[in-house]
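First the structure, in the form of structure tokens, and then the observations on it.
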Number of protein chains: 2
Amino acid sequence: MTDLFVRKLSGLDRLNDEEVQILRGLTPQARSVDARADVIVQGSRPTSSTLLLEGLTGRYRILTDGRRQITSIDVPGDFVDLHSFPLKTMDHGVIALSACRVATAPHAELARITETQPHLTRLLWLTTLIDAAIHREWLVALGRMSALERMGHLFCELYMRLNAVGLADAQTHSFALPVTQSDVGDMLGITNVHVNRTLQDMRRRNLVTWRGATVSIPDWDGLVEVARFDASYLHQEREPR
Amino acid sequence: MTDLFVRKLSGLDRLNDEEVQILRGLTPQARSVDARADVIVQGSRPTSSTLLLEGLTGRYRILTDGRRQITSIDVPGDFVDLHSFPLKTMDHGVIALSACRVATAPHAELARITETQPHLTRLLWLTTLIDAAIHREWLVALGRMSALERMGHLFCELYMRLNAVGLADAQTHSFALPVTQSDVGDMLGITNVHVNRTLQDMRRRNLVTWRGATVSIPDWDGLVEVARFDASYLHQEREPR
DNA sequence: CGTCGGCTTGACGACTGTCAATCAAGGTGG
DNA sequence: CCACCTTGATTGACAGTCGTCAAGCCGACG
């Protein structure tokens, strides 16, 4: 169940056997979520946190007039709402961008980890801090980058994160992105119409193709340069934490 | 030294005497930082985390062509880089927006807390999660709100946060904001010129005045409505964590 | 084969950026 | 005490990225 999460944590620091055992026992039951369905409802008070096993989810807020902003995207192996454990109340919703499978970790179990497993606790904390680092990077993109730069940046980030859990093709720099152009617009803070225009610009420049549900990046170095992408904010290094 | 931080944590959950004692011993030495100086340099690997005592600081990134985005602002009582404890490397810089006084908490001390004080650890974790919640709120603002809405939202947030540590005037809804219009532009993702235009619009509507270093909000309810401000993302509730 | 959601395209408008000049205020040196 | 200088605020003209609105297209599905 938690294999991808164990893999993800192992990439951040060495785990001992006991820690791996604890993680494996954390999420007993899995369930499916339909595309477009809410995984977590804004304003709710979860008693467990949800681990994404398959599919893509997005954290989002909707303004009273209907404008929606997706503030982050989660890939398999990510907790979509680990922060609800200390925060208690969800200040945003989580939607399944595609059909998903998820598992739940009771907050009581997480509390026990914080009582007896300081190192594991720091690693759980760390994963939420990497989420925050990604939030900051998106802020830079939304505040100071053009639509083209933002879209390139998003694709670079998704490739790196999916590749880290074995869900990208490193040969062709391609990965599955089963979401609509409107969804991407809500991530980038632009309209679906402008997503389309920007995408065509990327195709003309031969930087990115997105056909069906698959994104390919034929010119990785070129895209990195256009998007000013620097992966250090993802903190994908293994070191004592 | 850590009085404001203790006050802040006390507002989130009940602290026992031992916890208060530990917090009081956390930051032995204070120092001053000039306005405009870096408090933390991007890419550095701090061995202690910095608590802000007086003044305002901002986390920021600068792109190669000079564009700058401030991704968050910290007020007295906030740790400006508690996240550097698990993250190890700073993926952004921290600048003193005004003259500041800061104190430092050695990471070794923080590690000891995670080993022996589970409840306090969860509260430290919590403060970084509130930072992340604020990041998400700024993402909604940058992605989907107009310059006027964003500026109103920033002022509402600053008032709420400063008021929580006793640094705002609740009668007049006013507080000190000793930064330049360019700084605010770098928070809102707009230019200094447009900050000025937007500010005049706010004045015309009698929503906000900003003279010298003081911001006043004569029509709080009106500003809340214009800015679509809902303080729940600040998680300023006291409950067991 | 018709319907539907999502993609694509075009015309038009507006919010915000760019460039540059002017104004205001505080600090410095003579 | 005043001329000078620097930083920040303000203003205006103009440009461009991106939003809005609306229509047409296209593949998937019942």
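We name chains A, B, ... by the order of the sequence lines, and we start the count at 1 in each one. These figures come from a predicted structure and were not determined experimentally.
Residue A:R36 places at least one side-chain N or O under 4.0 Å from the OP1 or OP2 atom of C:dG6. Regarding contacts with the backbone of D:dG19, a side-chain N or O of A:T191 is found under 4.0 angstrom from either OP1 or OP2.
With respect to A:D131 and A:R136, no salt bridge is recorded, no charged nitrogen being found less than 4.0 Å from a carboxylate O.
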Enumerate, atom names and distances included, each donor-acceptor pair closer than 3.5 Å involving a side-chain atom of residues 143-162 of chain B, sequence neighbours excluded.
| from | atom 1 | to | atom 2 | distance (Å) |
| --- | --- | --- | --- | --- |
| B:R144 | NE | A:R68 | O | 2.8 |
| B:R144 | NH1 | A:I190 | O | 3.4 |
| B:R144 | NH2 | A:G185 | O | 3.0 |
| B:R144 | NH2 | A:D186 | OD1 | 2.6 |
| B:R144 | NH2 | A:I190 | O | 3.0 |
| B:S146 | OG | B:E149 | N | 3.3 |
| B:S146 | OG | B:E149 | OE1 | 3.2 |
| B:E149 | OE1 | A:R67 | NH1 | 3.1 |
| B:E149 | OE1 | B:S146 | N | 2.7 |
| B:E149 | OE2 | A:R67 | NH2 | 2.8 |
| B:E149 | OE2 | B:R228 | NE | 2.8 |
| B:R150 | NE | B:M145 | O | 3.1 |
| B:R150 | NH1 | B:L188 | O | 2.7 |
| B:R150 | NH2 | B:M145 | O | 3.4 |
| B:H153 | NE2 | B:E137 | OE2 | 3.2 |
| B:E157 | OE1 | B:W138 | NE1 | 3.0 |
| B:E157 | OE1 | B:Y233 | OH | 2.7 |
| B:E157 | OE2 | B:W138 | NE1 | 3.4 |
| B:E157 | OE2 | B:R161 | NH1 | 2.9 |
| B:R161 | NH1 | B:I73 | O | 3.1 |
| B:R161 | NH2 | B:I73 | O | 2.9 |
| B:R161 | NH2 | B:D78 | OD2 | 2.9 |

Extract all donor-acceptor atom pairs below 3.5 Å that involve side chains of residues 199-214 of chain A and protein atoms in other chains or at least two apart in sequence.
| from | atom 1 | to | atom 2 | distance (Å) |
| --- | --- | --- | --- | --- |
| A:Q200 | NE2 | A:N196 | OD1 | 2.4 |
| A:D201 | OD1 | A:R205 | NE | 3.0 |

Walk me through it: do A:I130 and A:T127 pass the test side-chain contact (heavy atoms from CB on, under 4.5 Å)?
CA-CA 5 Å; A:I130 292 175; A:T127 63; 5.6 Å; no
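Note on A:G212: nothing from the nucleic acid sits closer than 4.0 angstrom, heavy atoms only. The residue A:G185 sits apart from the nucleic acid: no heavy atom pair falls under 4.0 Å. Contact annotation for B:R67: no contact, since no heavy-atom pair falls under 4.0 Å across all strands.
Closest to the B:I190 side chain, of the nucleotides C:dT16, D:dG8, D:dC18, is C:dT16.
Residues B:V184 and B:V179 are in side-chain contact: their nearest non-hydrogen atoms beyond the backbone lie under 4.5 Å apart.
Between the CD atom of A:E149 and the P atom of D:dC18 there is a distance of 9 Å, given to the nearest Å. For the pair A:D201 CG and D:dC18 P, the computed distance is 10 Å after rounding to whole Å. If you take CG of A:L188 and C1' of D:dC18, they are 13 Å apart, rounded to a whole angstrom. Rounded to a whole Å, the CH2 atom of A:W210 is 10 Å from the C1' atom of C:dC7. Taking atom CG on A:L148 and atom C1' on D:dT17, their separation rounds to 12 Å, with Å as the unit. Distance, A:D65 CG to D:dT20 P: 10 Å, rounded to whole Å. Look at CZ on B:R144: it is 13 Å from P on D:dC18, rounded to the nearest Å. One interatomic measurement links the two molecules: CG of A:L177 to C1' of C:dG6, which rounds to 14 Å at whole-angstrom precision.
In this model, a donor atom of one side chain and an acceptor atom of the other lie less than 3.5 Å apart for B:R45 and B:T89. Between the side chains of B:D38 and B:Y60, a donor-acceptor pair is found at a separation under 3.5 Å.
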With B for base contact, S for sugar-phosphate-only contact and - for none (protein heavy atoms under 4.0 Å), nucleotides 23-30 of chain D reads --------
For nucleotides 10-14 of chain D, tabulate all protein N/O to nucleotide N/O atom pairs closer than 3.5 Å, reporting atom names and distance.
| from | atom 1 | to | atom 2 | distance (Å) |
| --- | --- | --- | --- | --- |
| D:dT10 | OP2 | B:Q181 | NE2 | 2.7 |
| D:dT10 | OP2 | B:N196 | ND2 | 2.4 |
| D:dT10 | O5' | B:N196 | ND2 | 3.1 |
| D:dT11 | OP2 | B:Q200 | OE1 | 2.6 |
| D:dT11 | OP2 | B:Q200 | NE2 | 2.6 |

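Contacts of B:H135 classified as ring-ring contact (aromatic ring centres under 6.0 Å, His included), with partners at least two apart in sequence or in another chain: none. Under the salt bridge (Lys or Arg N to Asp or Glu O under 4.0 Å) criterion, A:D221 pairs with no residue at all, not counting sequence neighbours.
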